[in-house]
Amino acid sequence: MYKPEEIEPKWQKQWADDGLYHADINQEKPKFYALTMLPYPSGDLHIGHWYAMTPSDARARFKRMQGYNVLFPMGFDAFGLPAENAAIQRGIHPKQWTYRNIDNMRRQLKSMGAMFDWRREAISADPSYYRWTQWFFIQFFKNNLAYQKQAPVDFCPNCNTTLAREQVQGEDRHCERCGTPVIKKNLTQWFFRTTNYAEELLDFSGMDWPEQVQTLQTNWINRSEGASVVFKTENGDSIEVFTTRPDTLWGATFMVLAPEHPLVEKVTTPAQKPAVESYQEQAKHMGDIQRESADREKTGVFTGGYAINPVNDKKIPIWIADYVLMSYGTGAIMAVPAHDQRDFEFARKYDLPIEVVIQPADQNPINPAEMDAAVPASGEMVNSGPLTGTPGDQAFDRAVEYIAERGVGDKSINYRLRDWLISRQRYWGAPIPIIHCPKCGAVAVPNEDLPVELPEDVEWLPTGESPLKLHPTWRMTTCPQCGGEAERETDTMDTFMCSSWYHLRYLSPDYDQYPFDPKEYDYWMPVDTYTGGIEHATMHLIYTRFFHKACRDLGITKGKEPMLQLRNQGMVLGEDNEKMSKSRGNVISPDDLVAEYGADTVRAYLMFFARWELGAPWNSSGIEGSVRWLRKVWYAFLEPVKNAKSANKDVLRDLRRKVHQTLQSVTRDFENLGFNTIVSGLMELLNEMTTAKSAGAFGTDAWQEAQSIYLRMMAPVCPHIAEELWQKTGHDYSIHTQPWPEVDVAATKEDEITLIVQVNGKLRDRITLPANVSEEQAKAAALDSENVQHFMEGKPPKKVIYVPGRLVNIVV
RNA sequence: GGGGCAGUGGCGGAAUGGCAGACGCAACGGACUUAAAAUCCGUCGGUAGUAGUACCGUGUGGGUUCGACUCCCACCUGCCCUACCA
């Protein structure tokens, strides 16, 4: 009887006692760093965690059997808001809540039978971990990669904290964590200079990452080429604008500033002041959702001020309007109503002049008075002073040259990517290691004082405000520079900061001289295969790339990228085809499944039931297929067949062929992470083996070989039953240290082939021929076929196509 | 508005441009059983036919090719990302 409840705990204990999955530096072997995104300790391991981790584990095991020294670590992304919510709602300290969950989840992870090297576990909420998170912050701070600025930032009123731009999602601009629509607040916050790396982050060369992730990141960074041009106001202030159409500069008939633009106050005339201020007030109170909706009618107010168009010295009015956003470009635009739809609408509404300066070749001369929409196409420059007559394909470059020569602007590249806002007004995170001194300003906490530990004696108010702000003593300290009274920064870091470098902490979680042991780094990095959900495409995966590159420039890390190959798994939906959630009651619990079927069955089913990168709805009866498979394997290998015949040579040769053909395809599928066809290939081979067994193959040399190869192919998928059967069939412990079997190419060759015969591309017959048949013989045999002749209707063949080993196609 | 991904039986899915539907689930028929479960055997895209077999069939319409689920173009549907981005 196959009893997973007995064999699984037994082998898990044995493997742990023997340190079977310990990965240590070994210069003799090629290394392989397999990494799967670490879980947040929310309380229970979800079937989605299993779906993400099991195939990654199987792939890591396969690599190990191939002879690689494989590192496959696990840890916990342990800081974050749910812990604090538990504190507020249930009165449990976040630390207690988190570490209790970690204990439970570690137990659940162990029930998977994965090859995690638990000695390398890292928990981001441990002071020994966040000490280095803080150290990284200080390196960034000292090298001008971390800075403070006041800006209108996104704030989640439910989570009571600011968010990075990436963490605001969807049309309604909601919080990534809780779904509440965010609001804008003007606050002083800490940022990392991710924009310094915008250009480099667009370079995916040498990386084996899914196209989709590259596209998502490329779109997110959104590089646009144009020019920056400086306009002067009448009293000499500069207003810089960014434009992608410098060739339309002569058509700029007004300027628009964002309502929050710092120059608004200066350019506004006393007469316009009341109108401007009331518009600013209105813009401030309007939600971003309304404000950024493109179909809203454009509104704005004249400031009374004027600017000079630097190419033609024309005096043009300065307006403010909320369709110009302070957060993109310079927060100011030159408006070219003839060639930009937004500016056109605005000009028509407020009766501002429209000047045509581009004439596309395929259109009739444009008359501004009759236009009902802007003409955004490129074309010959007209009414453009010295550049009039410049053809469309040269217009951009000539215009840029012209403004550069006159010193009023230059070519410029703009990105939508923003600097990463890392301040969080929360308790349960790594404190930002800064001391604010009234004399010295923001001063980094000295290295010897790290970590800045979170105080444990804290209280939560129902408001959700950070207890660090309210703590009676923690906040008060002295300035490391002048020794005077000073205050600690009370904001903590975005948890994405912790997860930007966890792959480095795994290398040496106990090392206390540096974030990682350089020897370990040199051996293991970079990560060879990284797996996780695609939802991190524009968050974690951008942050961690930025982090690596920034650290590289500081001499901390090496190489272009931290993760060479990336693969994304899909999502397991509930049986009702909806996202699993407690409120829907469609949650599948891995603990229940393991109790009912055993871990190997769950692993096999998760790898089999869907294309990994797509995911699929769960199917409770589908798992029966995996149950039957393992039961059949058990009996096929252990029970001798009753009244056995003796197998003939054909049976054994066919068996060997199928075994080695399967080995070929399974090896390829493991390499390419094609997990569903690994399992289906093994099922198919088992069916063949069962047939061979009843034909008397059991116990023969060919059978022994088949069995040995089968169990080794199965070992990465179902490690427990494979180990048990390996032992029971007389092999030495452990199957997981065995080499991956080698394909006997000669054995895979068919000695007979079935040629399909087509007439005009339609299947008309199948003929069986010796594998070494010549082209002439094959064609002759095909033409000889009765059915083929029937469909040729007596016509002579015009052409006969022969694909060796596959088909003959007769064209008549 | 811009960009991306996907569309194959009742379901999940398979198929280096070459036999569409491997493998599995469900369903149906049968064997074993007093019965059920388990197990085993068989059927399982549609239409016509007792059958051999024929015709149709991979979202729709075109194209390339001796040959298209696969490559190209257009469209439809669904999902995801993004968006007054200057």
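In the text below, chain A, chain B and the rest are named by the order of the sequence lines, each starting its count at 1. A quick note: this is a predicted structure, and the numbers were derived from the prediction, not measured.
- Salt-bridge formation is not detected for the pair A:Arg245/A:Asp340: no Lys NZ or Arg NE/NH1/NH2 atom is positioned less than 4.0 Å from an Asp or Glu carboxylate oxygen.
- Using cut-offs of 30° and 60° on the angle between ring planes, the pair A:Trp319 and A:Phe302 is tilted.
- Nearest nucleotide to the side chain of A:Arg631, out of B:A15, B:U39, B:C40: B:U39.
- For A:Met571, the CE atom sits in a loose shell: 12 or fewer heavy atoms of surrounding residues, nucleotides or ligands are nearer than 6.0 Å.
- A distance of about 39 Å separates the C1' atoms of B:G29 and B:G67, rounded to the whole Å.
- The nearest whole Å value for the distance from the CZ atom in A:Phe675 to the P atom in B:G13 is 16 Å.
- In this model, the phosphate group of B:U16 is not approached by any side-chain N or O of A:Arg668 to a distance below 4.0 Å at OP1 or OP2.
- Looking at heavy-atom distances under 4.0 Å, A:Gly615 makes contact with sugar-phosphate atoms alone, never a base.
- The cationic group of A:Arg603 does not satisfy the cation-pi geometry with A:Trp629, failing either the under 6.0 Å distance to the six-membered ring centre or the 45° limit from the ring axis.
- The listed nucleotides are B:G18, B:A86, B:G13; the one nearest the side chain of A:Ala616 is B:G13.
- A cation-pi arrangement, defined by a distance under 6.0 Å to the six-membered ring centre and an angle within 45 degrees of its axis, is present between A:Arg764 and A:Phe791.
- Of the candidate nucleotides B:G13, B:A54, B:A20, B:A20 has the atom nearest to the side chain of A:Leu763.
- Taking atom C1' in both B:G17 and B:C72, one finds a spacing of 13 Å when rounded to whole Å.
- Here, B:U16 and B:A22 have their P atoms 15 Å apart, quoted to the whole Å.
- The P atoms of B:C69 and B:A20 are separated by 9 Å, rounded to the nearest whole Å.
- A close approach under 4.0 Å does occur between a side-chain nitrogen or oxygen of A:Asn676 and OP1 or OP2 of B:A14.
- Rounded to whole Å, atom C1' of B:A86 lies 9 Å from atom CG of A:Leu325.
- Closest to the A:Leu216 side chain, of the nucleotides B:C81, B:G18, B:C40, is B:C81.
- Remark: the separation of the P atoms in B:U65 and B:A51 is 41 Å, to the nearest Å.
- OP1 and OP2 of B:G57 both lie 4.0 Å or more from every side-chain N or O belonging to A:Lys762.
- Using a 4.0 Å heavy-atom cutoff across all strands shown, A:Val811 reaches sugar-phosphate atoms only and no base atom.
- Looking at heavy-atom distances under 4.0 Å, A:Arg611 makes contact with sugar-phosphate atoms alone, never a base.
- Residues A:Ile756 and A:Glu624 each lie close to RNA chain B; by heavy-atom proximity, the contact nearer the 5' end of the strand is made by A:Ile756.
- Taking atom P on both nucleotides, B:A86 is separated from B:A6 by 28 Å, rounded to a whole Å.
- Contact of A:Lys798 with B:C66 (side chain to base): no donor-acceptor pair of N or O atoms is detected under 3.5 Å.
- Comparing A:Ala610 and A:Ser680, the nucleotide of RNA chain B nearest to each residue sits closer to the 5' end for A:Ala610.
- Residue A:Asn787 is in sugar-phosphate contact alone, with no base atom involved, counting any heavy-atom pair closer than 4.0 Å across all strands shown.
- Relative to the side chain of A:Arg628, the nucleotides B:C85, B:C25, B:G18 differ in distance, and B:C25 lies closest.
- The side chain of A:Lys632 lies closest to B:C40 when the candidates are B:A26, B:C40, B:A22.
- Contact annotation: A:Arg245 does not reach the phosphate of B:A86 (side-chain N/O to OP1 or OP2, under 4.0 Å).
- Here the nucleotide nearest the side chain of A:Val324, chosen from B:G18, B:A86, B:C85, is B:A86.
- Within the 4.0 angstrom heavy-atom criterion, only backbone atoms of the sugar-phosphate kind lie near A:Trp220; the bases stay farther away.
- Side chain of A:Glu684, nearest nucleotide from B:C19, B:C23, B:A14: B:C23.
- Comparing B:G24, B:A22, B:G4 by their closest approach to the side chain of A:Gln212 singles out B:G4.
- Looking at A:Gln758, its side chain comes within 3.5 Å of the base of B:G18 through a donor and an acceptor atom.
- Residue A:Arg165 places at least one side-chain N or O closer than 4.0 Å to OP1 or OP2 of B:A83.
- Contact annotation for A:Phe791: backbone-only contact, meaning every heavy-atom pair under 4.0 Å involves sugar-phosphate atoms and none involves a base.
- Distance check on atom P: B:C23 versus B:A14 gives 14 Å, rounded to whole Å.
- Of the C1' atoms belonging to B:A68 and B:C19, the separation is 15 Å, rounded to the nearest Å.
- Dashed line: the shortest gap from a side-chain N or O of A:Ser224 to OP1 or OP2 of B:A86 is under 4.0 Å.
- Between A:Arg223 and B:C85 there is no side-chain N or O to OP1 or OP2 distance below 4.0 Å.
- A:Asp576 has no carboxylate O lying under 4.0 Å from a charged side-chain N of A:Arg584, or vice versa, which leaves the two without a salt bridge.
- Look at A:Asn687 and you'll find a side-chain N or O under 4.0 angstrom from OP1 or OP2 of B:G24.
- Contact annotation: A:Arg806 side-chain N/O to B:G17 OP1/OP2 distance is not under 4.0 Å.
- Both the sub-6.0 Å distance and the 45° axial angle are satisfied by A:Arg416 relative to the ring of A:Trp220.
- Between the side chain of A:Arg766 and the base of B:C19, a donor-acceptor pair under 3.5 Å is found.
- Out of B:A54, B:C84, B:G3, the shortest distance to the side chain of A:Arg764 is found at B:A54.
- Comment: A:Arg611 engages A:Glu613 in a salt bridge, judged by a side-chain N to carboxylate O separation of less than 4.0 angstrom.
- Within 4.0 Å (heavy atoms only), A:Ile333 reaches at least one base atom of the nucleic acid.
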